[in-house]
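Beneath this line is the structure, given in C-alpha cells, with notes to follow.
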2 protein chains.
Amino acid sequence: MLSKKTKYGIKALTYLGRQGNKIPVQIATISKSENISLKFLESILLTLRKNGILASKKGKGGGYYLLKEPSEIPMTSIMRILEGPISMVPCVSLNFYEKCDDCPDETACAVHKLMIQVRDNTLKIFRNTSLADLCKN
Amino acid sequence: MLSKKTKYGIKALTYLGRQGNKIPVQIATISKSENISLKFLESILLTLRKNGILASKKGKGGGYYLLKEPSEIPMTSIMRILEGPISMVPCVSLNFYEKCDDCPDETACAVHKLMIQVRDNTLKIFRNTSLADLCKN
DNA sequence: TATTACCCTACTTATTTAATAGGATAAACA
DNA sequence: TGTTTATCCTATTAAATAAGTAGGGTAATA
C-alpha cells in the first residue's frame, strides 16, 4: 500500500508542476487546495527539498518550487524518495537490497522469482512516467 | 511491501504444491523446511483453509493439503487472501475499493491514474501465474 | 484411552505511519 | 531596524499494523 506521505507528496509535486513557472508556492496554499494537513505536508516538502527535487525561499513571497522541469523528474525518483523501495520484497530491490533471513538460496525461491516480474513491470511504468505526465489534464 | 505473512504463506503453498499428491503434511515439517515460526505458520495455514485453499486432517498422520490442483490456484486468489488488495491505493482496488478522504474528484487525480496502470500490470502477472508456476524448478 | 496434530481466541511486542508541537532561522518590507 | 511572513528542524505522540506467542480445546488415529 502506498503511504499517505507518498500520495500527498505526489499531489503536491503535481500542483507545483501545473504552475508551470518557478514562482514559489506557499505550503498553506497547497495544503488547502489538496486537503493535506499543513504540518504533515511541511515535512514531506522538506524531504523533497533535501533530496534535490524542490527548492524553497523563506520569508514573504516565499514558498516551494520545482528545481527541474517536470519532464526531467521521473516517477522512479519520486517513489524512491518518498516511499522507499519499488520492489515488494527487499531481496529483489535494486536500490534497497537486503537478504532474506529465512531464504538459504534466493535463486531457488519461488517468491523471489515472482516478485522480480512484478518489480520489472512496475519499474517500467515508473521509468516511462515523469512528473510532466501526471500534470497533464 | 509484502508482509511476512504473505511471503511465508506462498512458500508453504509452494511446498505443498511440490508434494504433488494430497497426503497431509504437518505444519512442523513445513515450518522446519522453510524456516518459519511454527505458531505463525499455523495461523497462516488456518486462514488459507478458511478461505478454501487448503484442507486439513486432525490427529496422527494429519496435516494440511491443497484442495485443488496447483494449476487451478491463481496468484490473485492467494494474494488477496493473504495480503489483501493488489492495488497500491484503495481507490483503484477492484476487490477492496474505498474512496479517498482528500480527493474530491477521483477521475481528476494524478495518483489515481498512475496507480491504475500499476494495478493493471501487476494484476496481469498474478492472473497469468498459478501456484503450479511457482512450484516448477 | 493415550497420543498426535490441528483448532481457535486472546494477548503481547515491535515497527511503522501519520501526524502535532513549538520554537529557530531567514527574507522581505515599511 | 524592527516587524511580519514563511520556511526550517527536532522531538514527541497517537494510532494502526505486523509479527509473533501462549495455552488450552477438539478431533482423529491406533
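Order of the sequence lines fixes the chain letters, A, B, ..., with proteins taken first and strands second; residue numbering starts at 1 for each chain.
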**Q.** Phosphate OP1/OP2 of C:dC7: any B:Ser56 side-chain N/O under 4.0 Å
**A.** yes
Q.
What contact category does A:Lys50 fall into here, base, sugar-phosphate, or nothing, at under 4.0 angstrom with non-hydrogen atoms?
A. sugar-phosphate
Q | Closest to side chain of B:Leu46, choosing from D:dC8, D:dG23, C:dC7 | A | C:dC7
Q | A:Tyr15 side chain near A:Ile30 side chain, heavy-atom distance below 4.5 Å | A | yes
Q.
Please check this pair: side chain of A:Lys99 against backbone of A:Cys103, looking for a donor-acceptor N/O pair closer than 3.5 Å.
A. yes
Q | Heavy-atom donor-acceptor pair, A:Glu42 side-chain to D:dC8 base, under 3.5 Å | A | yes
Q | Atom pair distance, as rounded to whole Å: NZ in A:Lys39 and P in D:dT7 | A | 10 Å
Q) When only distance counts, do a donor and an acceptor, one from the side chain of B:Gln26 and one from the base of C:dC6, lie under 3.5 Å apart? A) no
**Q.** Flag, side chain of A:Ser87 to backbone of A:Val92, donor-acceptor distance under 3.5 Å
**A.** yes
(Q) Quick one: does any side-chain atom of A:Arg49 pair with a main-chain N or O of A:Ala55 as donor and acceptor, under 3.5 Å? (A) no
Q | A:Leu67 CG: over 12 foreign heavy atoms closer than 6.0 Å | A | yes
**Q.** Nearest listed nucleotide, side chain of B:Lys4, among D:dG20, C:dA18, C:dC7
**A.** D:dG20
Q: Could you check whether A:Ile27 gets within reach of a base, just the sugar-phosphate, or nothing at all, counting any heavy atom under 4.0 Å?
A: sugar-phosphate
Q: Starting at atom NZ of B:Lys58, determine the distance to atom C1' of C:dC6, rounded to an integer number of angstrom.
A: 6 Å
Q | Rounded interatomic separation in angstrom, taking CG from A:Leu16 and P from D:dT7 | A | 11 Å
Q: Check the distance between C:dT4's C1' and B:Leu38's CG and give it to me in whole angstrom.
A: 13 Å
(Q) Counting only side-chain heavy atoms from C-beta out, which of C:dA18, D:dC9, C:dC29 sits nearest to A:Lys60? (A) C:dC29
Q) Nearest-Å distance, CG (A:Asp101) to P (D:dG20)? A) 9 Å
Q. For the pair made of OH in B:Tyr64 and P in C:dA5, what is the distance, rounded to whole Å?
A. 14 Å
Q: For B:Glu83 and for A:Gly59, find the nucleotide of DNA chain D with the closest heavy atom, then tell me which residue's nucleotide is more 5'.
A: A:Gly59
Q: Compare the minimum distances between each of D:dG24, C:dA19, D:dG20 and the side chain of A:Tyr8, then state the nucleotide with the smallest one.
A: C:dA19
Q: Grab the NZ-C1' distance between B:Lys32 and C:dA5 for me, whole Å please.
A: 12 Å
Q | Protein-nucleotide distance (A:Leu41, atom CG; C:dT17, atom P), rounded to Å | A | 18 Å
Q.
With a cut-off of less than 4.0 Å, is there a side-chain N or O of A:Lys57 near OP1 or OP2 of C:dA28?
A. yes
(Q) If you compare every side-chain N and O of A:Ser37 against the phosphate oxygens of C:dA18 (OP1, OP2), does one of them come in below 4.0 Å? (A) no
Q | Nearest-neighbour nucleotide for the B:Arg49 side chain, C:dA18, C:dC7, D:dA19 considered | A | C:dC7
**Q.** Given C:dC7, D:dG20, C:dA19, the nucleotide with the shortest approach to the side chain of A:Phe40
**A.** C:dA19
Q. So do the side chains of A:Met75 and B:Leu114 get within less than 4.5 Å of each other, counting heavy atoms only?
A. yes
